[in-house]
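It should be emphasised that the depicted structure is a prediction, and the values quoted were computed from it without experimental measurement. For this chain, numbers begin at 1 and follow the sequence in order.
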Amino acid sequence: MNLLNKSTLYSLVWMLPVMVIAGFIFYFIIHKQIQDNTDESISEQRDLIVRNFNPNDNLAMQFNKIGGDEVTLKTLPFGKIIADSYTDIETLDTIENEMNPYRQLITSFDKQAQTFQLTITRSAIKSDELAESIAIALAILFVLLLFGFLTLNRILTYNLWGPFYESLEQLKKFHLDDESQIGFTTSGIKEFNTLNIALNKMTQRIVNDYLSSKQFTENASHEMQTPLTIVKTKIDLLIQSQNLRSDDMKIITDIDNSVNKLSQLNKSLLLLSKIENNQFGDKEEINFIALTDKLLNGYADNLHLKNITTEKIFNEPLIVNMNLFIAESLLSNLLQNAIRHNTEDGKIKIETNSNSFIISNTGVHLNGNEKLIFNRFAKFSTSPDSIGLGLAIVKQVCEQNAIQLSYPYNGSFHTFKLNF
């Protein structure tokens, strides 16, 4: 959830309960005020009736509606006092066939040595309708206030956080291999200006460190490769010499193998560094089936040497958008791994779908933690040709190109699955 939505949600979580509680309080206050006014009006009616009441009048015992109120009188034992009692009641309207609300006062008074019970009943329909109307008006007002507050809050928040989002867009466009400097705009908010200054310094340090690391890696690789090439050339000349004894030839051959391995290690480390620094651009549509066939032809001698058979199941074309050199490195390392760690008379199966590449090879069970198989210099076999970086390169390529890599082992086949 983004910042604006989260701040709006917090505002809603705080405002809604407050407004609901305030609505109930306002309704209660309005209803209580109307009820008090009604009770006061009924009390005035009572005082008027009591003041003008004459027990000797024959009609005094039978009151009709007085100002719309239902008034009844009945005699009580002399001296029996009934305290004023205001209650809400409902009676059935036979015409409308519904219950109507009423406010009723029951009281007593003495007149000429007699005690009477007085009951005044007044319709509360208008009072309730007034309270409901006011409550509806308040509810509408609350909704409008809520909508206005949220709209204003969102506009203000967006305007206030505008410089932050501009800086964020600049960071999204930032690339280490881009020579142009990242530029943050100055805003009227001190905190964002301070943040932009810190980001400028940080990105500049990152670029400088990246360039230094890149230059060091390239220089170190070049400086190491040059003497290795010289040593390799001298060893080749020695091997061609006719004056070497068999023991000397064995020693020189071991040296040659070590030099070859060191050279391969140097190239692999340089490749890993370039992949990590994302130095390979120029992506294009790569046909993985055609590239796989091409690489397999190059490894024909290795396959023949161990009598390894290949089974290709190309269900659907697999076209991937990536750098050609990186794609070749990815597939060649997978194929080399499948050949190097295969058994004599083994088998390699390659299967493709529209979004996956699966390569499986026969081989013995790994000696070690399978979860470490993609770690650098992790070795699970005694093969002298392995330098422990092939699968690390595969993993790094997959991470840089958003490819899901998995390694299941079913007891007879080691399988590497790539999901694009």
Side-chain angles (χ1 to χ4, degrees), residues 175-179 207 210-226 228-229 232 260-303 310 312 314 317-340 348 350 352 354-359 361 373-377 385-407 416-420:
H175 293 286
L176 284 172
D177 52 354
D178 190 358
E179 295 182 359
V207 170
Y210 164 74
L211 293 176
S212 299
S213 174
K214 178 182 176 183
Q215 185 177 13
F216 171 79
T217 303
E218 292 175 349
N219 291 342
S221 176
H222 176 74
E223 294 299 325
M224 289 177 63
Q225 199 65 36
T226 300
L228 285 173
T229 302
K232 174 67 176 173
N260 288 335
K261 188 173 181 180
L262 184 58
S263 178
Q264 182 60 37
L265 177 63
N266 181 50
K267 291 178 180 178
S268 297
L269 286 172
L270 177 61
L271 177 60
L272 265 175
S273 176
K274 287 183 175 181
I275 294 172
E276 287 176 348
N277 293 329
N278 199 21
Q279 292 179 232
F280 297 97
D282 303 325
K283 293 185 178 182
E284 58 184 281
E285 299 293 330
I286 307 295
N287 187 330
F288 261 47
I289 292 177
L291 185 57
T292 300
D293 283 333
K294 174 186 173 182
L295 293 173
L296 278 174
N297 290 333
Y299 295 125
D301 293 339
N302 304 74
L303 294 168
T310 58
K312 294 181 288 185
F314 297 147
L318 178 58
I319 307 298
V320 180
N321 184 34
M322 62 189 304
N323 179 269
L324 177 59
F325 179 78
I326 291 298
E328 289 180 345
S329 299
L330 173 65
L331 292 181
S332 62
N333 275 287
L334 286 172
L335 289 171
Q336 288 178 27
N337 181 79
I339 296 170
R340 183 179 297 121
I348 294 176
I350 302 174
T352 64
S354 61
N355 61 349
S356 66
F357 179 90
I358 305 170
I359 179 169
N361 65 275
I373 192 170
F374 296 108
N375 288 6
R376 297 182 184 184
F377 303 110
D385 298 328
S386 176
I387 60 173
L389 288 176
L391 292 180
I393 293 175
V394 170
K395 179 185 177 184
Q396 195 65 45
V397 170
C398 289
E399 289 180 353
Q400 291 289 342
N401 291 273
I403 302 171
Q404 293 181 354
L405 174 65
S406 59
Y407 165 70
F416 295 89
K417 184 174 182 180
L418 282 63
N419 287 320
F420 300 88

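Here the CG atom belonging to Asn297 is positioned 10.0 Å from the CG atom belonging to Leu303, to the nearest 0.5 angstrom. Put simply, CG on Leu324 and OG on Ser329 are 9.0 Å apart, with the number rounded to the nearest 0.5 Å. A distance of 4.0 Å separates CG in Asp293 from NZ in Lys312, rounded to the nearest 0.5 Å. Rounding to the nearest 0.5 Å gives a distance of 9.5 Å between CG of Leu291 and CG of Leu296. Atom-to-atom distance recorded for Lys283:NZ and Asn323:CG is 8.5 Å, nearest 0.5 angstrom. A distance of 8.0 Å separates CD1 in Ile286 from CD in Glu328, rounded to the nearest 0.5 Å.
Residues Thr352 and Ile358 fail the side-chain proximity criterion, which asks for heavy atoms closer than 4.5 Å. Between Leu334 and Phe357 there is a side-chain heavy-atom pair separated by less than 4.5 Å.
With sequence neighbours left out, Tyr299 forms a ring pair (Phe, Tyr, Trp, His ring centres under 6.0 Å) with no residue at all. In this view, Gln404 and Asn419 satisfy the side-chain contact (heavy atoms from CB on, under 4.5 Å) rule, not counting sequence neighbours.
Nearest heavy-atom pair, Ile348 versus Ala338, reported as atom, atom and distance to 0.1 Å: CD1-CB, 3.8 Å. The two residues Pro317 and Ile289 make their nearest non-hydrogen contact at CA-CD1, 3.9 Å. Here the closest heavy-atom approach between residue Ile393 and residue Asn333 is recorded as CG2-ND2, 3.8 Å. The two atoms that bring Leu318 and Ser356 nearest to each other are CD2-O, 3.5 Å, heavy atoms only.
Among the candidates Glu399, Lys417, Lys395, the single residue satisfying the side chain to side chain contact (heavy atoms under 4.5 Å, CB included) test with Leu405 is Lys395. Just one residue in the list Thr310, Leu331, Leu335 forms a side chain to side chain contact (heavy atoms under 4.5 Å, CB included) with Ile350, and that residue is Leu335.
Of the possible donor and acceptor atoms, none in the side chain of Asn401 sits under 3.5 Å from a partner among the backbone N and O of Ile403.
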